[in-house]
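Structure first, then comments.
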Amino acid sequence: MGMLDINIMKGFIRFCDDGWQQGWHERNGGNLTYRLKKEEVAEMKPFFDETPRPWVSMGVTGENLAGEYFIATGSGKYFRNVSLDPADCLCVVEINDKGDSYRIVWGLVNGGRPTSEFPSHFMNHSVRVAATNGATRVIYHAHPANVIAMTYVLPLTDREFSRALWKSATECPVVFPGGVGVVPWMVPGGADIALATCEKMKKFEAAVWAQHGLFVSGPDFDITFGLMHTIEKSAQIWVLQKSTGLPELQTITDDALRAIAKEFGVTIREEFLD
Ligand code: 2HA
Ligand code: ZN
């Protein structure tokens, strides 16, 4: 029995592998973090390092995440390699009691630090935990090609992207009835993109990063991976449809979106409908 036999760690590794298989993680692209449950931390504790590494200030504060533990992908690590050598590619970090610093308690055995987007992930966990009464545990960033392609040709508004995605596949209004937010192009890895994403994530569970990728959140691995997958599949249909060059003869109407929402008992964001 070791760290890699623990179910939640197996799930994290499988998630990374699935993202790689989908083609969303060229080179070191993308990152994943999971906020551990108390009982999962207890299961892992016997395998933590005897001496935790030093505290590292994050430059951002999430008071509602004080004392929490996260599994995170490592900065510069490749999703392609995670399942081959999890202890080299991943880490578990503990957050201090002020919610402004982390320290590594397991993993990254050959050195390194959590993902370059850790401040972004951390702040977005904080915002989503507040927005969902503690339900959110997963934040996931990937580079799915069709979502990125859309950001070159559609106006970068929440409304335009939500409508285009909802209308490209019938399941979309059920899977993300709240729609998606859109963040304009920004330098990755910094505080600015973290703050801009947080603003969107107060309202949405997913945010498109123009000319870069997609950022999603959710309560567990299945739902979060499924959200990334559903949005990218819809974007693929949108791109394929436009690529035919043929005029659009029919689509899912706004009233049809309302009807789907009613049938499936979800609240679609009415302000985005005509
Ligand atoms: O981890 O995807 O946005 C590499 C990235 C940064
Ligand atoms: Zn990225």
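Just so you know, residue 1 is the first one in the sequence shown, and it goes up from there.
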Below 4.5 Å, heavy atoms only, C-beta onward: do [X] and [Y] meet side chain to side chain?
X    : Y    : value
V56  : V93  : no
R269 : W166 : yes
W209 : I148 : no
V82  : L90  : yes
L32  : I139 : no
V127 : M123 : no
H25  : Y78  : no
K45  : Y69  : yes

[X] [atom1]: over 12 foreign heavy atoms closer than 6.0 Å:
X    : atom1 : result
R14  : CZ    : no
E270 : CD    : yes
K242 : NZ    : yes
R80  : CZ    : no

Rounded to the nearest 0.5 Å, what separates atom [atom1] in [X] from atom [atom2] in [Y]?
X    : Y    : atom1 : atom2 : answer
Q236 : S168 : CD    : OG    : 11.0 Å
I6   : F12  : CD1   : CZ    : 14.0 Å
C16  : F221 : SG    : CZ    : 8.5 Å
F204 : E199 : CZ    : CD    : 11.5 Å
T61  : M58  : OG1   : CE    : 7.5 Å
C89  : N28  : SG    : CG    : 11.0 Å

Closest contact, heavy atoms only, P219 versus V138:
C-CG2, 4.3 Å
Can you name the closest pair of heavy atoms from A207 and K200 and give their distance?
CB-CB, 4.3 Å
Partner of Y34 under side chain to side chain donor-acceptor pair (under 3.5 Å), chosen from R137, H125, E40
E40
R53 meets the side chain to side chain contact (heavy atoms under 4.5 Å, CB included) criterion, sequence neighbours left out, with D49, I104, L108
Sequence-distant partners of D254, side chain to side chain contact (heavy atoms under 4.5 Å, CB included), two or more places apart
R163, K167, R258, L273, D274
Which is it for I13 and L4 under the side-chain contact (heavy atoms from CB on, under 4.5 Å) test, yes or no, and what are the steps along the way?
CA-CA 9 Å; I13 294 163; L4 305 182; 4.1 Å; yes
Under a single-linkage definition using a 4.5 Å side-chain heavy-atom cutoff for Ile, Leu, Val, Met, Phe, Trp and Tyr, are [X] and [Y] assigned to the same hydrophobic cluster?
X    : Y    : answer
F161 : M186 : no
V60  : Y102 : yes
L227 : M150 : yes
L65  : L36  : no

side-chain contact (heavy atoms from CB on, under 4.5 Å), that's the test. Do W238 and L165 meet it? Break it down for me.
CA-CA 7 Å; W238 190 90; L165 292 165; 5.8 Å; no
What about F47 and W106, are their ring centers closer than 6.0 Å?
no
How about F225 and W24: are their ring centres within less than 6.0 Å of each other?
yes
Donor-acceptor side-chain pairing of [X] and [Y] below 3.5 angstrom:
X    : Y    : result
T197 : N124 : no
H121 : H141 : no
S126 : N64  : yes

Side-chain donor or acceptor of [X] paired with backbone N/O of [Y] under 3.5 Å:
X    : Y    : value
K77  : D88  : yes
S57  : S101 : no
T244 : Q241 : yes
E205 : G218 : no
E117 : P188 : no

Report the residue from M44, E43, K37 that forms a side chain to side chain contact (heavy atoms under 4.5 Å, CB included) with I8.
M44
